[in-house]
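Below is one structure, written out as structure tokens, with a few remarks after it.
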Amino acid sequence: MSKFVLRLPELLGYFMVETMKSVTAKLKLFGPVLTLRCSYSSTTDQALLLNEFTRLCYQRDLPRALKVMDSLQSHGLWADSAAYSELIKCCLSHRAVYEGNLICRHLYRNGHQPMMFLVNVLINMYVKFNLLNDAHQLFDQMPQRYVISWTTMISAYSKCKLHQKALELLVLMLRDGVRPNVYTYSSVLRACNGMSDVRMLHCGIIKEGLESDVYVRSALIDVFAKLGEPEDALSVFDEMVTGDAIVWNSIIGGFAQNSKSDVALELFKRMKRAGFIAEQATLTSVLRACTGLALLELGMQAHVHIVKYDQDLILNNALVDMYCKCGSLEDARRVFSQMKERDVIAWSTMISGLAQNGYSQEALKLFESMKSSGTKPNYVTIVGVLFACSHAGLLEDGWYYFRSMKKLYGIDPVREHYGCMIDLLGKAGKLDDAVKLLNEMECEPDAVTWRTLLGACRVQGNMVLAEYAAKKVIELDPEDAGTYTVLSNIYANSQKWDSVEEIRTRMRDSGIKKEPGCSWIEVNKKIHAFIIGDDSHPQIIQVKRELNQLIHILIGIGYVSETNFVLQDLEGEQMEDSLRHHSEKLALVFGLMTLPSEKVIRIRKNLRICGDCHVFCKLVSKLENRSIVIRDPIRYHHFQDGKCSCGDYW
DNA sequence: GTAGGGTTAG
């Protein structure tokens with residue numbers, strides 16, 4: 001047996017040609033090793049062609065390389081399936097869509113059906129290129145489909161959130177008599193729309209004895225958490241003997257997304273104690289948890305660990321959001337401006353963040369920069385833009401963006417867009433136009449839409465319309481305690497005592513209790529909660545004493561409790577609760593008592609701030625020369641020097 | 001040999 005090695009001009013690859021029975025050419029192409037085989041003696045022609053083929057591949061000139069492959073074939077040298085697979089991998093790693101298509105056509109030419117393994121590789125390639133239609137076409141053409149082909153398609157649809165499609169394929173797969181395996185289950189679980197889907201799949205998993213697979217488990221944990229079943233998620237998690245980092249990320253992420261930020265942070269501590277290092281996905285969830293609880297100090301602490309991933313897009317987006325939601329706009333702006341890459345989420349986060357914090361003009365300016373940068377806005381971006389308009393009463397701008405969104409960006413208005421416009425029109429005194437728009441909606445208005453109109457009625461003092469809107473809210477969301485209170489107040493104001501009694505009975509009978517007002521403040525990395533009617537805070541007596549003294553001083557400089565605005569506690573704390581001890585006032589006084597004087601006092605609350613507390617905060621900011629930020633469920637109020645960033649328009 | 005789990009705006 002003689003053997004010779006041809007050195008390539010680039011010395012990048014090598015191949016050995018063994019005379020006698022077989023020819024093996026190993027070509028080192030961008031890393032992977034490519035093998036071509038033939039069944040009889042090599043010739044000089046083959047050697048030269050192989051040389052040429054390597055050179056072209058190295059130069060990434062795949063069109064010509066494929067032509068050389070044809071010539072090799074006519075010389076009896078066939079690329080095997082592994083060779084094609086390697087070529088496809090090269091296309092994938094270089095995102096070479098055009099070349100990938102060429103290989104596909106090369107494989108299918110003359111009506112030839114490539115072997116199933118290769119079709120699976122091709123389908124996967126199209127999936128990774130986000131060309132799902134092409135992938136599905138190849139899938140449909142397959143004479144037979146085994147579990148990998150099905151799983152590749154199901155996973156593709158799951159990943160791009162075409163959940164219904166993924167589930168439909170699973171049904172077809174089962175009907176075809178193909179049994180799902182751990183790969184199928186782990187990818188289809190995230191497509192579940194409700195717990196009934198999950199329960200069904202879970203049964204299948206247990207029946208097949210696949211529940212110990214770590215991928216299946218983390219997918220289960222994730223879907224349980226996302227569908228609001230944290231107990232189930234925890235029980236699957238606790239049953240695991242070996243977990244790995246990803247499972248921790250699943251469970252922490254699950255709780256962070258499920259408004260259980262405190263549990264998420266507890267689990268994060270456990271994860272660290274167990275010796276796992278927090279990486280991007282973990283830190284992103286931790287940031288989200290901090291965002292949910294408005295824990296600026298803790299978020300800043302997380303930021304220190306993030307510095308090493310300083311150009312991670314998702315982490316930076318989460319960071320911008322955290323700073324915006326914690327009311328620290330300077331930090332948000334700084335992170336945003338230092339980002340080298342910004343996607344639509346980055347821009348939308350910053351635009352909404354500015355809008356929620358009362359910087360509407362800056363938000364609209366940023367939207368212009370976004371457009372110049374070439375990033376295409378999506379419907380979330382437009383929600384942020386309209387939000388900016390509605391919070392600043394920018395009627396003309398609002399109409400312009402609302403009317404042009406379809407034409408300029410191809411985005412159909414949905415409920416959220418209509419909601420912003422109804423808010424904008426209503427609060428600007430154009431309640432008739434708001435109602436007109438509500439009636440023109442292409443989608444059915446929901447409880448949120450009607451609640452928006454109700455909010456506008458509060459500002460305008462339109463009791464008749466408020467009553468109508470409140471009734472609609474209760475019709476659509478019978479559990480909404482706040483709206484019952486509003487309705488009852490409306491009736492009380494017009495002396496309809498029978499109706500007041502009726503509402504109270506209805507609330508009592510259906511066990512609906514009003515959510516008590518609660519405010520949180522972070523002091524020394526610890527959260528302090530102040531809840532109406534709950535005196536469990538260890539310093540509550542001292543806090544109340546200080547508050548009374550402060551109110552006394554404020555009265556001396558002209559403070560009058562705003563108790564006469566009948567609808568003022570719309571979605572806010574009840575009239576019968578003492579205005580004097582509203583939770584944000586308690587939290588504010590606690591902040592004054594405990595935080596150093598240069599620190600901004602940041603408070604998060606569960607209900608909307610009432611008119612009296614708003615006046616109170618403005619006066620305190622001037623009297624004590626403090627910056628105060630209050631985040632309510634809808635927006636933020638930055639108080640400084642006796643003024644609020646909302647311009648008293650909220 | 002080809003397929004699978006966790007992270008960001010609303």
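First the proteins, then the strands, lettered A, B, ... as listed; each starts at 1.
In this structure, A:Leu220 atom CG and B:dG4 atom P are separated by 18 Å, rounded to whole Å. Nucleotide B:dA9 holds its P atom 17 Å from the CD atom of A:Glu341, rounded to whole Å. Rounded to an integer number of Å, the gap from CE of A:Met173 to P of B:dA3 is 15 Å. As rounded to whole Å, 15 Å separates atom P of B:dA3 from atom CG of A:Leu138. Between the CD1 atom of A:Ile205 and the C1' atom of B:dG4 there is a distance of 12 Å, given to the nearest Å. Residue A:Leu87 contributes atom CG, which lies 15 Å from atom P of B:dT2 at whole-angstrom precision.
Side-chain atoms of A:Asp244 lie closest to B:dG5 of the nucleotides B:dA3, B:dG5, B:dA9. Closest approach to the A:Ser352 side chain among B:dG10, B:dG6, B:dG4 is made by B:dG10 (side chain taken as heavy atoms from C-beta onward). Side-chain atoms of A:Asp222 lie closest to B:dT7 of the nucleotides B:dT7, B:dG1, B:dA3. Side-chain proximity of A:Phe117 to B:dA9, B:dG4, B:dT2: nearest is B:dT2. For A:Tyr215, whose side chain is taken as the heavy atoms from C-beta onward, the closest listed nucleotide among B:dG6, B:dG4, B:dT7 is B:dG4. Each of B:dG6, B:dG5, B:dT8 was ranked by its minimum atom distance to the side chain of A:Arg288; first place goes to B:dT8. In the set B:dG4, B:dG10, B:dT2, B:dT2 carries the atom at the smallest distance from any side-chain atom of A:Lys89. When distances are taken from the side chain of A:Ile345 to each of B:dA9, B:dG4, B:dT2, the shortest belongs to B:dA9. Distance from the side chain of A:Thr349 is smallest to B:dA9 among B:dG4, B:dT8, B:dA9. Taking every side-chain heavy atom of A:Ser285 into account, B:dT7 is the closest of B:dT7, B:dG6, B:dG1.
In terms of phosphate contacts, A:Lys226 brings no side-chain nitrogen or oxygen within less than 4.0 Å of OP1 or OP2 of B:dG5. Contact check, A:Asn124 against B:dA3: a side-chain N or O comes under 4.0 Å of OP1 or OP2. Of the side-chain N and O atoms in A:Arg190, one or more sit less than 4.0 angstrom from OP1 or OP2 of B:dG5. Between A:Arg415 and B:dG10 there is no side-chain N or O to OP1 or OP2 distance below 4.0 Å. For the OP1/OP2 pair of B:dG6 and a distance below 4.0 Å, the side-chain nitrogens and oxygens of A:Gln257 include no atom meeting the criterion. The shortest distance between the side-chain N/O atoms of A:Lys325 and the OP1/OP2 oxygens of B:dT8 is not below 4.0 Å. Within the structure, every side-chain polar atom (N or O) of A:Gln280 is placed at least 4.0 Å from both OP1 and OP2 of B:dT8.
Legend: residues meeting side chain to side chain contact (heavy atoms under 4.5 Å, CB included) with A:Ser187, ordered by chain and number and at least two apart, are A:Thr151, A:Ser155.
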Working for ring pair (Phe, Tyr, Trp, His ring centres under 6.0 Å), residues A:His202 and A:Tyr185: CA-CA 9 Å; A:His202 200 184; A:Tyr185 280 120; 9.9 Å; no
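When the shell of 6.0 Å around CD of A:Glu444 is examined, it contains 12 or fewer heavy atoms from other residues, nucleotides or ligands. By the neighbour-count criterion of 12 heavy atoms within 6.0 Å, atom CZ of A:Arg199 is densely surrounded, having more than that number from other residues, nucleotides or ligands.
Judged by distance alone, with hydrogens and angles left aside, A:Asn120 brings no side-chain donor or acceptor close enough to the base of B:dG1 to form a pair under 3.5 Å. In terms of polar N and O atoms assigned as donor or acceptor, the side chain of A:Ser186 comes within less than 3.5 Å of the base of B:dG4 in a complementary pairing.
Taking a cutoff of 4.0 Å between a charged side-chain nitrogen and a carboxylate oxygen, A:Arg451 and A:Asp480 qualify as a salt bridge.
Cation-pi check for A:Arg145 over A:Phe139 is met; the charged atom lies under 6.0 angstrom from the ring centroid and within 45 degrees of its normal.
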